[in-house]
Amino acid sequence: MKRRYTISVFTENFIGILSRITLIFTRRGINIDGFTASESREEGIYRITIEVNTTEAQVIQLSRQIEKIIDVIKAFYYVDDEMVFQEIALYKIPIESIDAGLEVVIRQYNAKIISAEKGFVVIEMTGHKKDTQDLLEVLKDFNVLEFVRSGRVAVAKPMVSIDKYL
Amino acid sequence: MNDSKIRGAEIVIKSLVAENAKFIFGYPGGAIMPVYDALYDYMDQIQHILTRHEQGAIHAAQGYARVSGKVGVCIATSGPGATNLITGMADALIDSTPLVCITGQVLSQLLGTDAFQETDVVGISMPATKWNIQVRRVEDIAPAIAKGFHIARSGRPGPVLIDITKDAQVALGDFNYVPCLNIRSYRPYPKVPDSVIDEAAALINKAKRPYLLYGQGVVLGKAESQLKAFLDKTGIPAACTLLGTGALSEDHPNYVGKLGMHGNYAPNLLTNKCDVLISIGMRFDDRVTGDVKRYAKQAKVIHLELDPAEIDKIVKADVPVLGDCKVSLEKLIEKVEKKEHPEWIKQFRVLEAEEKRVVVGNDISPTKIGLTMGEVIRHINEFKADDAILVTDVGQHQMVAWRYFNYKTTRTQVTSGGLGTMGFALPAALGAQLHDYNREVICVVGDGGIQMTIQELGTIMQTKAPVKVVLLNNNFLGMVRQWQQLFFDKRYSFTELDNPDFIKIAEGYNFKVQKVDERTDLRQAVAEMFVHDGPYFLEVKVEKEDNVFPMIATGSSVEEIRLK
Ligand SMILES: Cc1ncc(C[n+]2csc(CCOP(=O)(O)OP(=O)(O)O)c2C)c(N)n1
């Protein structure tokens, strides 16, 4: 059965590591639904969060192939219940659309206006994909000009520390 | 203190010397010229072999690595030099051959500008290497090479690539070689937990029809004597993969033959009859399993394997024994009971007799007029030394030679297994021979494959390596023709060759030559080849349309192996 998995990868910060990881997916024809990279708590160690929709057997193989990369320290995989995660979304709305209705929507979704520019405002919302997607649907009535959503940032609930693998 | 500084190019060579590399297989060009210049001063410490093509260089390095167990080294220039290495890297990766490849690269300030002979070889080689890196600073050269050797030879071996910009090669730096022993993100030898050993032993001890498959992991893990001891104690029948061949002498009483598409009848068929399947250092290639949905479903599987990514990749292991198979086998030997399985082994022997009757006889002692590949191998067996190395190319001759060559010791089988690279044999035979001029190296090759790297006859000439080249000429891309015959209605689309006069070519390269097209001359010719001290080229005109059997057609189960 396919479901959503998040693979959390800890790596050395070397050139080429992102390509090596993505090659594992492209070679098997597996779509990456979200990809974010950042520093981790440990200095010099990178943390990559990858979202995929696949089977457990496949995600195990993917994690093992990722771990096989010399500069990868460890790859964990989780289902959604095992993680706390967020995504951030930005919506660009023309100035003419601003009215009381928009204000209600913003409050309702716990979103906020983070920038007002000449001719448009930018609304930000943080949450799960379903929520930011809902807001997008609503904002379509307000002529949303641009929309962008980040990949997932996530921390795992199980208490395993990467220190153990160093 | 500036006097002690040397150029990056010299650091490259001194690092290779520090790693005890005996040979460099290579080909020069602009971006690697500083390294070639440095080599000029080190000819007494390291031997450079100038091949005739970079593909030849890397296959030679592979051949050398496979028989010596050491890391093969090759160098090439940027751009086309580097891209010519790619096939060999892919081959070495899939066949777990330790290689360090060093390529020159354009000046670092020109990177990304489409400079002359600039190719992103780090990018191109990523899926074909175990690890790769570009070095742009002189101080990073020695650490990169040290890391490269460690990665290439440890754990499951493989090829690494180190791409060095020309400015780093000419810059001055200190040489202070520190071998790499540990990389924090890399754990090449997972520790075998005792609990799985107990589980495995328990399964083996109560098995009625246990069956063992061994692959190249046994050779790479230097576990040949442990394998033998394990078999001696347990009495379990054992079959080999293409690359595992030779890890156990074929004279061993438990040896039952070869696995895979053109392997032996019994070992394939009985895979689906065993109750416990012990696989050691092999990865269940599709050429071994046939239809995996119908592969050993009845058996409990114990998988001894060093690479975690191989566990459950193709065949689910009931007891995965992750770790160095030498260690695992040693522990297992302690825990397994002394047993014999005469009835079970007899089942193999019965089927073996049937294969002999239907296939082998006609292959190696034919009564028809045309010469067969099998009878050539039979005569080779008659004259070869026990430790002779057989290097084969890819195709029918590869399968026939593998089936009939009498393997007695380890590291005597060199062939391109996982990738099936035509053109591999000739340069690989050269590399194998360079490791030891006193060992017999027999290169069995087809008329198609030899023409993919025929230029390496020149390298053999120049090194005077006494390689015995046996060309089995059927005037066809035989293996493809066989498939056309069996699966494409005999539509021989572009598989027949108009061949050159191979004998004249070989003579041009100063080989002692011999051509045979009649049975009456064959034995004598093979005998002469073996007594000749120097490069030898024997061409045998074989039957044009012979097929290799047994065969498991693609998509078929191991049980559906055909004898004809
Ligand atoms: C580089 C490469 N190209 C194509 C193939 C596909 N292929 C496999 S076997 C074969 C025919 C080999 O013919 P030959 O070398 O004459 O050997 P034979 O099968 O006749 O013994 C071909 C074309 C291959 N394995 N490698």
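Keep in mind that what you see is a predicted model, and the values were worked out from it rather than measured. Naming: A, B, ... by sequence-line order, numbering from 1 per chain. All values below come from the heavy atoms of this structure, side chains included, with hydrogens, waters and symmetry mates left out.
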Hey, are [X] and [Y] close enough for a salt bridge, meaning a charged N less than 4.0 Å from a carboxylate O?
X	Y	answer
A/Asp33	A/Arg4	yes
A/Lys129	A/Glu51	yes
A/Glu39	A/Arg47	no
A/Arg41	A/Asp163	yes

Proximity breakdown for [X] and chain A, heavy-atom pairs closer than 4.5 Å:
X	answer
B/Lys130	both
B/Ser154	neither
B/Asp307	side chain
B/Ile311	both

What is the distance from atom OH of A/Tyr46 to atom CZ of A/Phe10, rounded to the nearest 0.5 Å?
14.0 Å
Can you tell me how far CG of B/Asp91 sits from CD of B/Gln62, rounded to the nearest 0.5 angstrom?
4.5 Å
Between [options], the one whose heavy-atom pairs under 4.5 Å with chain B are most numerous:
options	result
A/Leu23, A/Asp71, A/Ile73	A/Asp71
A/Gln61, A/Arg64, A/Arg20, A/Lys68	A/Arg20
A/Ile45, A/Ile60, A/Ile69, A/Ile70	A/Ile70

Can you label the angle between the A/His128 ring and the A/Phe85 ring as parallel, tilted or perpendicular, going by 30° and 60°?
parallel
Hey, which of B/Gln134, B/Arg184, B/Arg156, B/Arg187 has the most heavy atom pairs under 4.5 Å with chain A?
B/Arg184
Under 4.5 Å from any heavy atom of chain B, what part of A/Phe14 do you find: side chain, backbone, both or neither?
side chain
